[in-house]
Undergrad: 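Here it is, the structure in full.
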Amino acid sequence: MEQSEIAKIAEKCRVKILQWRNRQLIADMSGIHLNTLTRFLSGGELTVSNLVAIELAVNRYQKSLEYANQCFSCED
């Protein structure tokens with residue numbers, strides 16, 4: 001059985017946040033409480049609006065990491 005699109009997004013976000021190990025930053029960026037994010041990472045359910053906020057925060061953080069990597073890889 002194929003996962004729903006929402007489940008795929010949730011899993012992608014969950015994996016990235018666990019890899020980065022920076023829960024408080026993602027919680028702050030998404031505007032949700034750290035306990036809500038922790039519950040999500042433990043497999044708990046979220047509202048769609050909270051999942052959207054987390055996904056936006058994950059995408060912004062990912063872009064900032066990519067930008068930082070570009071800046072540090074430049075030869076001056």
Undergrad: Rounded to the nearest 0.5 Å, how far does CZ of Arg14 lie from CD1 of Ile9?
TA: 12.5 Å
Undergrad: Any chance you could measure Cys13, atom SG, to Leu46, atom CG, to the nearest 0.5 Å?
TA: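 Reported value, rounded in 0.5 Å steps: 9.5 Å.
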Undergrad: Looking only at heavy atoms, what is the nearest atom pair of Ala57 and Ile26, with distance?
TA: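 Smallest heavy-atom distance, with atoms named: CB-O, 4.0 Å.
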Undergrad: Just verifying a value: how many Å separate Ile32 CD1 and Leu51 CG, rounded to the nearest 0.5 Å?
TA: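 So the CD1 of Ile32 and the CG of Leu51 are separated by 9.5 Å.
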Undergrad: So, do Trp20 and Leu25 sit near enough that their side-chain heavy atoms are less than 4.5 Å apart?
TA: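 The answer is no, as the side chains (C-beta and beyond) never meet within the 4.5 Å cut-off.
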Undergrad: Please name the pair of heavy atoms, one in Ser30 and one in Ala27, separated by the smallest distance, quoted to 0.1 Å.
TA: OG-O, 3.2 Å
Undergrad: Is there a path of hydrophobic side-chain contacts, each under 4.5 Å between heavy atoms of I/L/V/M/F/W/Y residues, joining Leu18 to Leu65?
TA: yes
Undergrad: Taking it one step at a time, do Arg39 and Glu45 satisfy side chain to side chain contact (heavy atoms under 4.5 Å, CB included)?
TA: CA-CA 8 Å; Arg39 185 176 66 242; Glu45 295 294 318; over 6 Å; no
Undergrad: Would you call Asn22 and Tyr61 a side-chain contact if the rule is heavy atoms closer than 4.5 Å?
TA: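 Yes, their side chains come closer than 4.5 Å.
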Undergrad: A side-chain contact here means heavy atoms from C-beta on lying under 4.5 Å apart; do Met29 and Leu56 qualify?
TA: no
Undergrad: Between NZ of Lys12 and CD1 of Ile54, what distance do you get to the nearest 0.5 Å?
TA: 12.0 Å
Undergrad: Side chains of Asn50 and Thr36: closer than 4.5 Å at any heavy-atom pair?
TA: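 When only atoms from C-beta onward are counted, Thr36 and Asn50 do touch, with a gap below 4.5 Å.
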Undergrad: Roughly how far, to the nearest 0.5 Å, is the CG atom of Asp28 from the CG atom of Leu34?
TA: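 Taking CG in Leu34 and CG in Asp28, the distance rounds to 8.0 Å.
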